[in-house]
Amino acid sequence: MSLIFSRRDLNFLLYEWLDVERLTRIARYADHSRETFDAALDTCEKIATDLFAPHNKKNDQHEPHFDGETVTIIPEVKTALKAFCEAGLMAAGQDYEYGGMQLPLVVEKAGFAWFKAANVGSSAYPFLTIGNANLLLAHGSEKQIETFVKPELEGRYFGTMCLSEPQAGSSLSDVATRADFEGESALGAQYRLRGNKMWISGGEHELSENIVHLVLAKIPGPDGKLIPGVKGISLFVVPKYLVNEDGTRGEHNDVVLAGLNHKMGYRGTTNCLLNFGEGTKYAPGGRAGAIGYLVGEPHKGLAYMFHMMNEARIGVGLGATMLGYTGYLHALDYARNRPQGRGMGAAGKDPASPQIKLVEHADVRRMLLAQKSYVEGALALTLWCAKLVDEARAIDDDAAREPLTLLLDLLTPIAKSWPSQWCLAANDLAIQVHGGYGYTREYNVEQFYRDNRLNPIHEGTHGIQGLDLLGRKVTIKDGAALKLFAQRVQATLDRARSNGDAQDAAHARALEAALERLQAVTRALWAAGDPNVTLANASVYLEAFGHVVVAWIWLEQALSARAALKHAQGDDAGFYRGKLAAARYFFAWELPKTSAQFDLLTSLDRTTLDMQDAWF
């Protein structure tokens, strides 16, 4: 059994539940089949297992360091990334014209899950680059695509996203990096940027020929002052090295590493404070100021960056899921092999009787079931969202595509935050299953927890995602997205009621009641008449909504598993019974938690609003 990921579970989700083979009916994916999908997944599994997983712990113990001139990273990282790029995985989902495989996003994400579980630190470099390239493909000019994206997809250039600043944090309206127009160039309007960017993952290294920074900055107004708020933000391509007309590497741009942040986890990825335009070390063209090229139109930078940010948020959810998943597999393996204690009853009172395995203890099974329900539920949610993207891409008509887009917009905050919260909880339980050994560095589970602790923070904290969900997503087009979600759930409820199974019917009743309460609570919150009251407990709303979504996902899995169980034998039968047990656990132990949360939300509780700073 792999301790990285379960291929059996992945095959169930892709082929038995999501039926991704049907995607080959879409023209874009017509060249594919299950055989080509499996070949891509096999490649990902092998490279992740052979080259990424072996140096995961070394990456953590020997994190990148900066001597004032150069960042040093253990050599295994470059070897693994070279294999990733040479396998064509950087362009796995891209068009043939860009050297891509045109894999459906759901298959691409499924393959990339192996890397996130095997070594989240090393895998961050290509996944940031893929998001960077996707943004430029959507909003960059032909010349920008030719100059920066094609080398990224070949694996020669890596990319970043540079949003936050030391004084701004998540408040992007307060970014102060300045972009002054210098003139037109072959790569578009050319600007000189000056400012600082904080928390930049992959911001400096020697792993690639160049680093393509996507930077948010403000173009000054006619009065020479920066425009307040987000409306003044524009997006720029700022390469570490300028690129000559013939595509060769030019002089070093005025981008300097001020220092590395030393993190609790995720240590294999450099995390940087970058200075743009200070002019003390590099002066491209004989002048201070980092040269950047405007992407798209001025003052639309945040909208463009959201293309990458939304992709990154689903990616964060997948990364959190896979850290929880590998932790669960490690805990399961330990529990199956570690003898400790004796059973209940007369036999258990005999000290001369042999010890039983940890997995035979009911409380250990509780912890394992919780982990299984969190990580397998989160993975299913993430892959479902990815398939939704594939289905939307197949529709040319904007009006026909809109329902899928609205549904994806609604679920993005949940796909990011729910795995980040509950798969971290799974890592906590994995440590607990190991007992004292789990708290030591000799076992892997403590690192998984530290690595995963970042995910509730970056790409928008829980609080930000809650505000986005309750403050924006559920209200768009008079609640159209929430109605679409309710319709999807109702279709599942109808199937659960009609299959003749009492447990599925009971789950359907519980989910229907939770869905009705969710809709009622949403109406009550927006009837409060005061947005401060409505949004005060948005994080609770996010958590409750997420549990309803994952309960739906588990009912979906249960229906597929129960149908397959009728004809299954041996290990397959055990697998399906495990799915049904995890669904039962989630409905018995997890979904009921939403009742108290909905009560709190309905009461329009003002505790957090009324509390004052001086009282802490």
Side-chain angles (χ1 to χ4, degrees), residues 170-173 229-231 302-303 306 309-310 313-314 317 381 385 388 399 402-418 420-421 456 459-493 510-553 590-611:
S170 298
S171 181
L172 295 180
S173 62
V230 298
K231 293 181 179 179
L302 197 57
F306 263 102
M309 288 168 66
N310 283 332
R313 285 171 176 173
I314 295 175
L381 170 61
C385 289
L388 197 64
E402 185 181 55
L404 302 184
T405 303
L406 284 172
L407 192 54
L408 185 65
D409 285 346
L410 176 77
L411 293 178
T412 294
I414 295 166
K416 187 274 178 187
S417 279
W418 197 92
S420 297
Q421 179 176 359
E459 303 308 331
T461 62
H462 282 328
I464 290 172
Q465 302 300 333
L467 292 172
D468 183 40
L469 177 64
L470 179 56
R472 294 182 60 250
K473 299 299 174 61
V474 299
T475 62
I476 293 174
K477 292 186 177 291
D478 195 29
L482 183 55
K483 294 173 186 174
L484 288 166
F485 170 69
Q487 290 169 9
R488 294 275 183 149
V489 175
Q490 190 60 54
T492 305
L493 297 177
L511 179 55
E512 183 174 45
L515 177 64
E516 289 174 354
R517 286 217 68 188
L518 172 64
Q519 293 170 307
V521 164
T522 304
R523 291 191 295 269
L525 287 169
W526 279 108
D530 180 352
N532 290 307
V533 173
T534 298
L535 299 174
N537 300 312
S539 293
V540 179
Y541 180 86
L542 172 69
E543 184 177 326
F545 200 144
H547 260 52
V548 173
V549 170
V550 177
W552 165 59
I553 290 290
E590 296 295 332
L591 186 60
K593 293 176 181 178
T594 61
S595 180
Q597 293 171 320
F598 287 141
D599 288 344
L600 176 71
L601 292 165
T602 302
S603 73
L604 304 179
D605 182 74
R606 292 184 53 93
T607 302
T608 56
L609 285 176
D610 293 339
M611 182 63 179

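Heavy atoms only: backbone and side chains are in, while hydrogens, waters and symmetry mates are out.
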Heavy atoms from other residues, nucleotides or ligands near NZ of K231 exceed 12 (cutoff 6.0 Å):
no
Starting at CD of Q465, measure out to CD of E543 and round the result to the nearest 0.5 Å.
14.0 Å
Is there a side-chain contact between V548 and R517 in this structure, where contact means two heavy atoms from C-beta onward sitting under 4.5 Å apart?
no
Approximate separation, where rounding is to 0.5 Å, of Q597 CD and L542 CG:
10.0 Å
L604 to A524 - nearest heavy-atom pair and separation:
CD2-O, 4.1 Å
Heavy-atom side-chain contact between L404 and L408 under 4.5 Å
no
Do H462 and P456 have side chains that get closer than 4.5 Å, going by heavy atoms?
yes
Do N537 side-chain atoms and D605 backbone N/O form a donor-acceptor pair below 3.5 Å?
yes
Would you indicate whether the side-chain heavy atoms of L515 and Q519 approach each other to under 4.5 Å?
yes
Does I464 reach the side chain of T461, with side-chain heavy atoms less than 4.5 Å apart?
yes
Could you check whether any side-chain N or O of S417 sits under 3.5 Å from a backbone N or O of I414, counting only pairs where one atom can act as donor and the other as acceptor?
no
With sequence neighbours excluded, give me every salt bridge (charged side-chain N to carboxylate O under 4.0 Å, His left out) pair touching residues 476-492.
E402-K477
Side-chain donor or acceptor of R313 paired with backbone N/O of A415 under 3.5 Å
no
Is a side-chain N or O of T534 found less than 3.5 angstrom from the main chain of L525, in a donor-acceptor match?
yes
Distance (rounded to the nearest 0.5 Å) between L381 CG and W552 CH2:
8.0 Å
What is the minimum heavy-atom distance between A481 and L410, and which atoms define it?
O-CD2, 3.6 Å
Ignoring hydrogens, what is the shortest heavy-atom contact between S539 and G463? Give both atom names and the distance.
OG-CA, 3.6 Å
From CG (L511) to CD (E516), nearest 0.5 Å:
10.0 Å
So how far is it from D409 CG to L469 CG, rounded to the nearest 0.5 Å?
11.5 Å
If a pair satisfies ring pair (Phe, Tyr, Trp, His ring centres under 6.0 Å) and one of its residues is in residues 518-544, list it, with sequence neighbours excluded.
Y541-F545
What's the verdict on side chain to side chain contact (heavy atoms under 4.5 Å, CB included) for V549 and W418, showing C-alpha distance, side-chain angles and the deciding distance?
CA-CA 10 Å; V549 170; W418 197 92; over 6 Å; no
Between the CG atom in L518 and the CZ atom in F598, the distance rounded to the nearest 0.5 Å is 4.5 Å
Does the side chain of Q487 come within less than 4.5 Å of L484's, by heavy atoms?
yes
